[in-house]
Amino acid sequence: MSIVALSELLGASVRDASGTVRGRVREVAIVPEDHLTRIAYLIVRTAEVERILPIGAVKSCGATVRADTDAVTWDRYTPSDGVLLLKRDLLDQQIIDVHGRKVVRVNDVEIDSTPVNSHLLLNVLAVDVGARGAVRRLARGVVPAFTLRALLERIPPRVIPWHFVDLLETDPARRVKLKIAYEGLSKMHPADIADIVEHLAPAEREAVFETIDEEVAAEALEELDPRVQVSVVESLDSDRAADIVQEMDPDAAADLLGDLTEDRSGEILREMQPEERREVTQLLEFGQHTAAGRMTTEFVALSETAVVDDAIETLRSFEGGYEALATIYLVGEGKLTGAVPLVKIATSSPAVQLSTLSEPYITCAPDTPEDEVAALFDKYNLITLAVVDEPVRLTGIITADDVIAMLRHD
Amino acid sequence: MLFRKGWKARVGLMLAVIGPGFITANVDNDAGGIFTYSLAGAQFGYSLLWTMIPITIALVVVQEMASRMGAVTGKGLSDLIREEFGFRVTFLLMVALVVTNFGNVVAEFAGVASSLELFGISRYIVVPLAAAAVWLLVVHGTYSSVEKIFLAASAFYVCYIIAGLLAHPDWKAAAVATVSRPSVIGIQNYGYLFMVIGLVGTTIAPWMQFYLQASIVEKGITARQYRTSRWDVILGCLFTDIVAWFIIVACAATLYATGRADIKDAADAAQALRPLAGEYAYLLFAAGLFNASLFAASILPISTSYVVCEGLGFESGLDKKFHEAPVFYWLYTLLIVAGAGVLLVPRFPLVHVMVLSQVVNGAVLPFVLIFMLLLTNDRELMGDHVNSRAFNIVAWVTVVVMIVLTLALVVTQVGGGT
């Protein structure tokens with residue numbers, strides 16, 4: 001087994017079975033539908049046309065590529081969508097380093113070459129994003145090969161193994177053919193996905209948000225800068241946008257929709273599930289910089305007469321953000337009557353009535369300005385704050401993470 | 001009511017996209033630019049005013065391509081060059097860009113120093129303070145706060161318009177000279193031709209294209225908003241060249257009229273204006289120079305660092321820590337420290353640095369312009385936003401003329417500098 005760099009392979013002269021030079025390597029191709037890492041063929045620029053040299057016919061590769069078939073048997077190359085061309089699609093392009101959680105630019109590609117029965121198996125091993133690939137490409141053809149080799153030995157490699165690489169492809173059809181699913185990206189923390197997405201061009205952002213799971217997309221979207229949020233949602237079709245927006249926290253969704261044009265937010269609202277749509281429209285009616293504009297309507301409120309066991313049952317089926325569960329609220333005849341910290345529920349026996357666990361709680365009116373909300377959190381060391389309208393009806397809650405976001409964005 | 005809402009929305013949209021084009025065009029009137037315009041006015045009076053219209057067109061054409069590319073692709077120019085033309089080309093271009101931009105940074109700090117020396121403040125105080133101010137502004141400012149400061153700095157160029165008014169020029173002669181054809185006799189004069197080349201050469205610099213495209217991307221302008229954004233570019237170029245026009249006119253009405261053509265730098269021009277156009281014109285000229293130089297000195301180092309790091313794949317961005325993006329911070333800091341520092345070195349061969357920087361500038365510009373034209377004609381990249389046929393004709397003519405003139409400038413500079 002040895003390692004060949006893509007930049008060494010490109011431009012290498014190709015000799016066929018007769019030993020004559022037939023042309024030079026122009027591209028190196030993978031067909032992901034057949035195999036995700038294996039090189040399927042080389043594209044050789046011969047005197048007349050471009051031909052496909054199947055990898056099964058390659059005996060050795062390096063500065064010279066030797067084949068054991070005659071050039072006349074090599075098919076003519078015709079461009080195809082389902083082929084990953086390493087020079088065009090990878091070299092000098094940006095990729096997502098899933099392990100390092102960032103966007104990087106490819107300086108070179110390392111290909112593993114293993115001889116099997118007098119033929120070669122070539123597999124993409126890693127992409128080089130460090131100085132080694134850069135120096136190799138700069139000095140190639142300028143510095144003698146052996147000097148260059150010695151020089152490169154001294155440069156510590158910075159490579160990303162191929163299975164940690166997520167390619168950026170903006171054409172949806174091609175994404176399917178090349179089997180690009182952003183699996184690695186989807187497994188990252190939404191905040192990391194957001195960081196990565198902010199480094200991408202709009203079309204690439206769109207590609208990511210079209211492909212990844214709606215729930216992950218929703219969480220990542222919440223973490224984005226409001227300006228970028230808008231541009232992402234503008235680029236998606238309203239169907240897909242609605243799928244993502246309805247997975248968001250209603251308060252975040254309302255903020256986002258409030259930033260869009262009325263036509264656009266109307267389109268998205270129409271595509272949303274009725275329940276989510278109701279919650280979000282309600283929030284949209286309040287001013288963005290008030291308690292109501294910041295609150296979420298996904299929280300747990302139970303009857304005064306409920307016991308701990310009921311609370312735990314309700315928690316099991318709760319679908320909103322966990323941050324809203326720090327406090328369980330109690331209501332009687334439509335009015336807020338108590339608040340029980342989650343810790344108390346976790347440490348009490350199942351039959352205890354919730355109202356006996358209730359602690360003093362703080363409330364604010366829907367039109368309370370943001371800065372007063374922040375002041376309340378500071379003064380009373382709150383984790384959640386209940387928002388109530390006139391007859392003490394609980395309409396929503398504000399959680400501490402909303403306040404942090406609110407303070408950070410001022 | 002309806003009308004008012006529509007009007008307001010339109011102004012709102014305009015204000016939302018205005019910035020990158022306006023700022024970039026204005027930075028173009030930096031210390032070197034102001035000196036060239038002053039000299040053109042002082043040596044040739046109104047007779048070079050005809051260059052302003054073609055220069056404006058060339059500026060608009062080139063800047064429009066950069067901003068369109070930024071809006072459509074969402075990528076910087078160095079990224080696109082890297083992706084389409086490969087690593088080696090990008091590397092050489094970036095090295096050249098650092099060299100020429102370093103020369104520009106030195107020129108800007110020299111402008112800062114000489115403008116305040118008019119008020120008797122030593123450069124040993126001014127230059128370190130200016131360098132520190134630039135460093136702090138960029139490291140601690142956010143994009144939108146920095147943009148506001150830059151827009152304010154752009155507005156400050158009005159100084160030169162007022163100074164032009166104070167110089168009491170012959171408006172009719174100036175207006176006629178602006179729209180009339182150049183005289184054949186003038187063109188045969190070597191000094192005159194040299195000045196034309198100089199005027200064109202200061203107008204379109206490689207770094208501007210990189211900076212403009214990057215700011216468009218950073219501002220998040222997309223193909224959808226591009227129509228409005230185009231006005232930002234056009235207005236910026238117009239304003240810039242109106243300022244240039246007034247500088248030429250002010251110097252023509254005073255320095256040329258009294259035969260004082262021997263100015264050595266932009267501060268010298270301000271000084272020479274004092275007895276001729278009065279105290280206010282002098283103060284405005286000096287303040288304008290200070291503003292322009294500090295403004296350009298704030299933009300050049302940071303934009304160079306971004307462009308180079310993005311093109312070569314180093315981590316970049318002010319949201320990173322020093323150890324996360326060492327190349328970026330080192331390059332940025334070095335450009336400022338060395339660019340300002342050389343001015344404090346006694347007997348530093350400043351002129352040679354400037355000539356070298358101009359030569360590299362001239363050598364890089366053709367490549368950048370040709371790359372831009374190739375990129376804006378790439379349908380895979382630009383989709384429906386590729387250059388139209390008519391635009392291509394204008395653009396290629398502009399580019400060829402620019403290249404010929406810039407190369408001529410380099411040749412004369414090398415000839416004159418040694």
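Keep in mind it's a predicted model, so treat the numbers as computed, not measured. Order of the sequence lines sets the chain letters (A, B, ...), proteins ahead of strands, with each chain counted from 1.
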Novice: Quick check on the interface: out of E84(B), K75(B), E83(B), who has the most heavy-atom pairs with chain A under 4.5 Å?
Specialist: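 Ranked by contacts with chain A, first place is E83(B).
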Novice: If you draw the axis of the six-membered ring of F391(B), does the NZ or CZ of R68(B) fall within 45° of it and under 6.0 Å from the ring centre?
Specialist: yes
Novice: Taking everything shown except R175(A) itself, do over 12 heavy atoms lie less than 6.0 Å from its CZ?
Specialist: yes
Novice: So what's closer than 4.5 Å to chain B heavy atoms on V129(A): side chain, backbone, both or neither?
Specialist: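 Nothing of V129(A), per the 4.5 Å heavy-atom cut-off to chain B.
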Novice: Using a 4.5 angstrom heavy-atom cutoff, name the option from G130(A), A134(A), S7(A), G133(A) with the most pairs to chain B.
Specialist: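 Most heavy-atom pairs under 4.5 Å with chain B: A134(A).
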Novice: Verify side chain to side chain contact (heavy atoms under 4.5 Å, CB included) between E204(A) and V197(A), making sure each step is shown before the conclusion.
Specialist: CA-CA 8 Å; E204(A) 296 163 346; V197(A) 164; over 6 Å; no
Novice: Would you please indicate if the ring centroids of F85(B) and F371(B) are separated by under 6.0 Å?
Specialist: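 Distance test on ring centres: under 6.0 Å, yes.
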Novice: Name the region of R140(A), side chain, backbone, both or neither, that has any atom closer than 4.5 Å to a heavy atom of chain B.
Specialist: both
Novice: Are V44(A) and R24(A) packed together at the side-chain level, in the sense that at least one heavy-atom pair is separated by less than 4.5 angstrom?
Specialist: no
Novice: Measure distances from F87(B) to the heavy atoms of chain A and classify the residue's part below 4.5 Å as side chain, backbone, both or neither.
Specialist: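 For F87(B), heavy atoms of backbone and side chain both lie under 4.5 Å from chain A.
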Novice: Could you list which of residues 82-94 of chain A have a heavy atom closer than 4.5 Å to any heavy atom of chain B, in residue-number order?
Specialist: D92(A), Q93(A), Q94(A)
Novice: Does A252(A) offer a backbone N or O that forms a donor-acceptor pair with the side chain of E222(A) under 3.5 Å?
Specialist: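 Between the backbone of A252(A) and the side chain of E222(A) there is no qualifying donor-acceptor contact (under 3.5 Å).
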Novice: Under a 4.0 Å N-O cut-off, is there an ion pair linking R26(A) with E50(A)?
Specialist: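 Between E50(A) and R26(A) there is a salt bridge, with a charged N closer than 4.0 Å to a carboxylate O.
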Novice: Assess the residue pair Y332(B) and Y306(B) against the criterion (ring pair (Phe, Tyr, Trp, His ring centres under 6.0 Å)); give the C-alpha distance rounded to whole Å, side-chain angles, the decisive distance to 0.1 Å, and a yes or no.
Specialist: CA-CA 9 Å; Y332(B) 175 60; Y306(B) 266 113; 8.9 Å; no
